[in-house]
Amino acid sequence: MTTYLDFFELTQEPFSNAPVSRFYYNSAQHSQALTRLMHAVGYMKGLSILIGDIGAGKTTLARRMLDSLPESEYEAALLVIIHSGITAQWLLRRIALQLGVENPAQEKLALLSQLYQRLLQIYESGKKAVVLIDEAQMLETRELMEEFRGLLNLEVPERKLISFVFFGLPEIEKNLKLDPPLAQRVALRYKLEPFTAESTEAYVKHRLRLAGCPRMPFTPEALLAVHEHSGGTPRVINTLCDNALFEAFLARSETISAELVHRIGNNLGLQGGSAASQVSERPGTPATSLPRTANTKIDLAEIDRYLEGLGKL
């Protein structure tokens, strides 16, 4: 059966919203963000924050950063916060597990002692402990913020024993204010802005090229329409372009016009500007797997099993 991949001579989906590292687009601002974050963890600055709206590419950048930290120099981990109802005890235990603590204790003081000893081992081995926290806007309680402050107080005379990087929505700023001393410890803030029209065009061409596309199916006007409806948000650009390729395939048209993109954008309810907030699905983002309902009692063991499953993918 012929598919749109065959029709456009593509080797794989160019606009999947799954965070595929091969399709990482190193835009100027993504490059600047990564450079600054790498500097912060390289010098063990403590807490850094990467902020962006929905679909801006935060998760992709977090995974890119994790891949960029040499194993010979860092003991690094990526923790995805999948529910706003997690407890401080659960958080400490997950961080301990991520950094290699075997059989974390249930009692808090004992757990902190285990984590401290493990951080000393990492330090004495010549490595740096770094934990990247994705979906950090779900850290919504003062108790959680206080735990991070406490962990950042673990240090040796010359430097801190652990660094954190928060990746999340702008609500992170509000959460930090729950514990003003922690807010004062933020060493670096960087915000991902939407793509410009030029960046949107370069992004689309980049992904098509990596997918093996032998020709450019989008007209210049169509690319401008993609930018208009997406507001420059990468995830929404992917959604628009994927739909456009499929609709052009159904029409057996080798060219994608602005008219087609406008029709798709209108059908999806994308009016530009705040387009990211209008596309609620987050393919490949575990945070949507559980409801964010304040009154919902959650099973932390279930969350543990889910995260362990992610590690096997």
> Please determine whether side chain to side chain donor-acceptor pair (under 3.5 Å) holds for the pair N17 and T239, giving the CA-CA distance in whole Å, both sets of side-chain angles, and the decisive distance to 0.1 Å.
CA-CA 8 Å; N17 268 319; T239 299; 3.3 Å; yes
> How about E71: does its CD atom have over 12 heavy atoms from other parts shown lying under 6.0 Å from it?
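Atom CD in E71 is not crowded, with 12 or fewer foreign heavy atoms closer than 6.0 Å.
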> Treat each ILVMFWY residue as a node, draw an edge where side-chain heavy atoms are under 4.5 Å apart, and state whether Y123 and Y116 are in one component.
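Per the 4.5 Å side-chain linkage, Y123 and Y116 are co-clustered.
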> Going by the side-chain contact (heavy atoms from CB on, under 4.5 Å) test, name the single residue among I49, I172, D134 that passes it with F167.
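The passing option is D134.
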> Can a donor-acceptor pair be found, under 3.5 Å and without considering hydrogens, that links the side chain of Q98 to the backbone of L78?
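Yes: the side chain of Q98 pairs with the backbone of L78.
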> Can you measure from CD (E146) to CG (L182) and round to the nearest 0.5 angstrom?
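Answer rounded to 0.5 Å: 9.5 Å.
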> Specify whether Y203 and F195 have parallel, tilted or perpendicular ring planes, treating 30° as the upper limit for parallel and 60° as the lower limit for perpendicular.
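Geometry flag for F195 against Y203: tilted rings.
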> Hydrophobic cluster membership, with links at side-chain heavy-atom distances under 4.5 Å among I/L/V/M/F/W/Y: are V130 and V186 in one?
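Cluster IDs for V130 and V186 differ.
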> Ignoring hydrogens and geometry, is there a side-chain-to-backbone donor-acceptor pair from Q89 to Q106 under 3.5 Å?
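Judged by distance alone, yes, a pair lies under 3.5 Å.
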> Could you grab the distance from atom CG of L240 to atom CD1 of I256, nearest 0.5 Å is fine?
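Answer for the CG-CD1 pair, L240 versus I256, is 11.0 Å.
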> Would you mind reporting whether N243 and N267 have side-chain heavy atoms less than 4.5 Å apart?
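The answer is no; the side chains never approach within 4.5 Å.
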> Distance from K174 atom NZ to L176 atom CG, nearest 0.5 Å?
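Nearest 0.5 Å value for the NZ-CG distance: 11.5 Å.
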> Okay, side chain of R64, backbone of Y24: is any donor-acceptor separation there less than 3.5 Å?
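No, the answer is negative, given that no donor and acceptor are paired below the 3.5 Å cut-off.
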> Is there a donor-acceptor pair under 3.5 Å between the side chain of T11 and the backbone N or O of A211?
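At least one qualifying donor-acceptor pair exists.
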> Please answer whether the main-chain N or O of G42 pairs with a side-chain N or O of K128 as donor and acceptor at a distance below 3.5 Å.
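Yes; judged by distance alone, with no hydrogens or angles, the pair exists.
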> Measure up the F164 and F148 rings against each other and bin them: parallel (under 30°), tilted (30 to 60°), perpendicular (over 60°).
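Aromatic pair F164/F148 classed perpendicular.
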> Taking T200 for the side chain and T196 for the main chain, is one N or O donor matched with an acceptor at less than 3.5 Å?
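Checking the backbone N and O of T196 against the side chain of T200, a donor-acceptor pair under 3.5 Å is found.
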> Just how far is it from atom CG of L47 to atom CD1 of I162, taken to the nearest 0.5 Å?
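Here the rounded value is 11.0 Å.
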> Which residue pairs pass the salt bridge (charged side-chain N to carboxylate O under 4.0 Å, His left out) test when at least one of the two sits in residues 7-28, sequence neighbours left out?
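Matches after skipping sequence neighbours: E9-R215.
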> Hey, what do you get for NZ (K58) to NZ (K191), rounding to the nearest 0.5 Å?
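Atom-to-atom, K58:NZ and K191:NZ are 10.5 Å apart.
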